[in-house]
Amino acid sequence: MTTIQDRPLPGLLPGLSVAYGRPHRDGAVLDLFTSWARRTPDAPALIDGGLTLSYAELDRLADAIAGQLAGRVRPGDLVGLCLDHSAALVAATLAVARIGAVHLPLGPRPGERRLRAVAEQLRPACLIGNPALLPPAHRDGRHHPLTAPGATGIVAAFAESAFAESADGAGAGGAEAVRAPRGTQYTVLTSGSTGLPKAVAVGQTALGALLTWYRELTGLGPGDRHSLLIGVSFDPHLMELWAALTSGAALCVAPEAVRWDPAALTDWWRTAGITVGVLPTPLAEPVLDRPWPADLPLRHLTVGGDRLRRTPGPDVTATVHNAYGPAEATVTTTVHSMAPGAEHGAGAPPIGRPVPGAIVLVTDESGRPLPRGEAGELRIGGQGLAIGYLDAALTAERFVCAPDDLDGTDRVYRTGDRVLMRADGVLEFLGRLDDQVKVSGVRIEPAEVEAALERDPRVRRAAVVARPAPVGGAQLLAFAQPATEGAPVDGAELLAAVRPWLPEQAVPSLLRLVDGFPLDANGKIDRAALLKAEEAEAQQDAERSAGPVADGAATPTERTLLRICAGLLGRTDLDPSDNFLDAGGTSVTAARLLAALEEEFEVRLRAPALLRQPDLRAVARLVDERRPGAAAG
């Protein structure tokens with residue numbers, strides 16, 4: 001039987017690397033939430049710790065915020081949300097949609113300078129958040145306090161220039177306001193090689209079709225509880241938020257600690273009664289590495305954001321969906337589902353087949369489809385494509401014409417990902433074709449990190465390279481040439497200075513100061529030579545610090561902790577006085593460290609307790625205090 005994925009393609013030879021998802025179904029977004037608010041007004045819509053809002057209550061709260069924004073925000077305006085997971089975030093998201101504006105999720109800590117650059121580049125009509133964290137134009141502009149549970153001190157901030165617009169939409173300073181294309185539902189930022197993030201505009205119809213597919217995939221509906229856990233600035237956050245609210249299910253806000261701690265996460269799934277959830281790959285892998293609790297109500301777990309390197313074990317009782325998709329194709333393009341109790345093989349699972357409405361093709365450099373079994377670039381077409389970037393030149397570069405003989409789409413998005421389509425039409429992910437890397441599930445352009453470092457007047461030139469992280473995925477290393485030869489520059493100070501420009505995942509794990517850069521035959525920086533030199537430098541650091549570290553690590557616990565951290569962070573120069581986060585620790589490595597400490601010492605620490613410690617010596621002391629048999633203090 002010929003499936004729609006493998007149907008003959010007009011003008012194309014059979015056996016080419018082209019696959020179609022089944023016909024998609026359009027789906028409403030905001031109207032579906034409003035419908036559930038009328039049909040089941042008393043059903044829980046949002047659960048945040050001790051706070052529960054019914055569909056009717058959340059609907060009224062969204063209406064109230066929409067009323068506060070009305071007259072100040074127009075349809076098509078960008079509204080940036082600088083909020084963490086909360087009732088205020090969810091209600092503001094609904095409110096922005098209700099007035100026809102375009103939601104720009106930025107998260108609570110986008111980095112002060114990065115947020116300022118985004119505000120200057122995109123000039124959003126409004127930013128919602130804590131005024132102390134907003135860029136100057138909005139911090140000093142007009143503020144309208146928002147009334148929402150847990151929203152104390154949260155305002156809708158309008159840059160002063162926005163109130164002095166001329167009839168043509170130009171502000172007082174002459175800058176034309178950036179407006180999203182008609183039909184845009186939301187805009188998200190992705191890393192840009194120019195040093196500034198790229199803004200992707202996603203349409204209402206594309207999001208509606210995605211949500212229809214996801215609800216059908218998971219059976220999400222009334223009585224279900226869906227987690228709200230993905231980072232706010234990461235586009236799968238929009239899928240989990242809207243999927244619950246358009247299905248009659250309850251959206252459950254995950255506590256901060258569970259985003260670092262696999263054991264705490266599964267405990268929360270149980271106590272909160274989570275039945276459907278989404279996890280970023282770097283957190284999903286340690287969850288799947290642990291024994292699966294037998295009494296979890298979780299039925300479906302969707303994993304995405306990075307290459308999944310293992311399949312679920314036979315004890316996993318939820319169906320695990322390995323999803324792939326760039327923000328430019330509305331969160332998810334392909335999926336490979338792994339049912340509980342089945343044998344899924346060893347190693348990395350494939351990224352699967354296209355979702356409804358998507359078209360995928362594997363091409364050569366000229367854009368022509370390759371025969372199945374040959375590796376090439378993945379290009380995506382179909383209903384899930386974003387409208388484009390809020391920059392016409394960038395859109396023209398990445399959203400290109402489809403091959404003349406390809407049926408069902410007139411344009412495709414060049415992902416830059418290297419894939420292979422098997423004879424059965426299933427895609428396997430092989431890596432990147434360019435310099436872009438994924439760190440903790442977030443796409444990073446090393447050039448953006450380099451540009452941020454070079455903004456510092458103490459830096460003449462910077463180079464950022466990626467290497468495999470000890471715990472899987474990628475790790476960024478930075479090399480900086482001081483602007484003034486012989487002038488004292490501290491690498492730790494440079495890293496601290498660059499943090500406000502970058503998302504957490506883009507901050508390098510290590511920064512080395514160099515006198516100059518090795519060049520290859522083409523006169524470009526030889527990044528392989530930089531990595532080789534770094535390995536030699538790390539070895540020398542290890543030899544120089546072997547004595548002091550051994551002496552400083554006065555207890556067996558400290559020595560074991562240093563060994564574990566060295567393996568997790570790829571650092572051989574650690575000292576008990578080092579701080580875990582400053583030494584390159586992230587949410588992913590913190591989760592791994594918690595698991596390793598539990599296995600080594602039978603001590604189960606929570607992420608907040610770990611992160612509050614000033615240095616590794618204090619972490620070791622805490623472990624000793626919590627060990628079985630330790631004297632009561």
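Predicted model only: the values in this text are computed from it and were never measured. Computation of the quantities below employed the complete heavy-atom set of this structure, encompassing side-chain atoms and omitting hydrogens, waters and symmetry-equivalent molecules.
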Worksheet item: Are K198 and D391 within salt-bridge range, i.e. N to O under 4.0 Å?
Response: no
Worksheet item: Taking the side chain from E428 and the backbone from L420, do they hold a donor-acceptor pair closer than 3.5 Å?
Response: no
Practice prompt. State, without any angle test, whether T363 and R379 hold a side-chain donor-acceptor pair at a distance under 3.5 Å.
Written response: yes
Item to complete: For a side-chain contact (heavy atoms from CB on, under 4.5 Å) with Q185, tell me which candidate from I387, V202, V29 qualifies.
Response: V29
Practice prompt. Kindly write out the residues that satisfy salt bridge (charged side-chain N to carboxylate O under 4.0 Å, His left out) with D417, not counting sequence neighbours, or none if the list is empty.
Written response: R432
Worksheet item: Are any non-hydrogen side-chain atoms of F479 and V465 less than 4.5 angstrom apart?
Response: yes
Fill in: CZ (R25) with more than 12 external heavy atoms under 6.0 Å
no
Worksheet, complete the sentence: Quick note, side-chain hydrogen bond (donor to acceptor under 3.5 Å, both in side chains) partners involving residues 330-339, not counting sequence neighbours, are H321-S337
Worksheet entry | Non-hydrogen atoms of P350 and N322 that approach each other most closely | O-ND2, 3.0 Å
Discussion item. Listing request: all ring-ring contact (aromatic ring centres under 6.0 Å, His included) pairs with a residue in residues 416-443, at least two apart in sequence or in separate chains.
Written reply: none
Practice prompt. Apply side chain to side chain donor-acceptor pair (under 3.5 Å) to R310 and list each qualifying residue two or more places apart in sequence or on a separate chain.
Written response: D289
Worksheet item: Does R414 come within less than 4.0 Å of E377, counting only side-chain N to carboxylate O?
Response: yes
Discussion item. Can you pull out every side-chain hydrogen bond (donor to acceptor under 3.5 Å, both in side chains) where at least one residue sits in residues 91-106? Sequence neighbours excluded, please.
Written reply: T34-R98, D59-R98, D63-R98
Fill in: A28: side chain to side chain contact (heavy atoms under 4.5 Å, CB included) partners, not counting sequence neighbours
D31, L32
Discussion item. For the SG atom of C126 and the CG atom of L104, what is their distance to the nearest 0.5 Å?
Written reply: 11.0 Å
Enumerate donor-acceptor pairs with a distance under 3.5 Å from any side-chain N or O in residues 240-249 to protein atoms, sequence neighbours excluded.
| unit_1 | atom_1 | unit_2 | atom_2 | d |
| --- | --- | --- | --- | --- |
| E240 | OE1 | L229 | N | 3.3 |
| E240 | OE2 | L229 | N | 3.0 |
| E240 | OE2 | I230 | N | 2.7 |
| T246 | OG1 | R215 | NH1 | 2.8 |
| T246 | OG1 | W242 | O | 2.7 |
| T246 | OG1 | A243 | O | 3.4 |
| S247 | OG | A243 | O | 3.0 |
| S247 | OG | A244 | O | 2.9 |
| S247 | OG | A249 | N | 3.4 |

Discussion item. With heavy-atom distances below 4.5 Å as the criterion, would you say the side chains of L301 and T319 are in contact?
Written reply: no
Discussion item. If the condition is salt bridge (charged side-chain N to carboxylate O under 4.0 Å, His left out), which residues does D364 pass it with, not counting sequence neighbours?
Written reply: none
Worksheet item: Has the side chain of S509 got a donor or acceptor atom that lies under 3.5 Å from a matching backbone atom of Q475?
Response: no
Practice prompt. Only counting residues at least two apart or in another chain, list the ones meeting side chain to side chain contact (heavy atoms under 4.5 Å, CB included) with A91.
Written response: L58, L61, I65
Worksheet item: Are any non-hydrogen side-chain atoms of I380 and I359 less than 4.5 angstrom apart?
Response: no
Discussion item. Please determine whether a side-chain nitrogen of the Lys or Arg among E216 and R22 lies less than 4.0 Å from a carboxylate oxygen of the Asp or Glu.
Written reply: yes
Fill in: Within 45° cone of W501 ring axis and under 6.0 Å: R455 NZ or CZ
yes
Practice prompt. Return yes if some donor-acceptor pair links the side-chain N/O of T409 with the main-chain N/O of G381 below 3.5 Å, else return no.
Written response: no
Worksheet, complete the sentence: Residues passing the side chain to side chain donor-acceptor pair (under 3.5 Å) test with E450, sequence neighbours excluded, are R527
Fill in: Set of residues satisfying salt bridge (charged side-chain N to carboxylate O under 4.0 Å, His left out) with respect to R116, sequence neighbours excluded
E120
Item to complete: Check whether any side-chain heavy atom of Q383 lies under 4.5 Å from a side-chain heavy atom of T205, and answer yes or no.
Response: no
Worksheet item: Can you check whether E397 reaches Y389 side chain to side chain, under 4.5 Å on heavy atoms?
Response: no
Worksheet entry | For R307, salt bridge (charged side-chain N to carboxylate O under 4.0 Å, His left out) partners two or more places apart | none
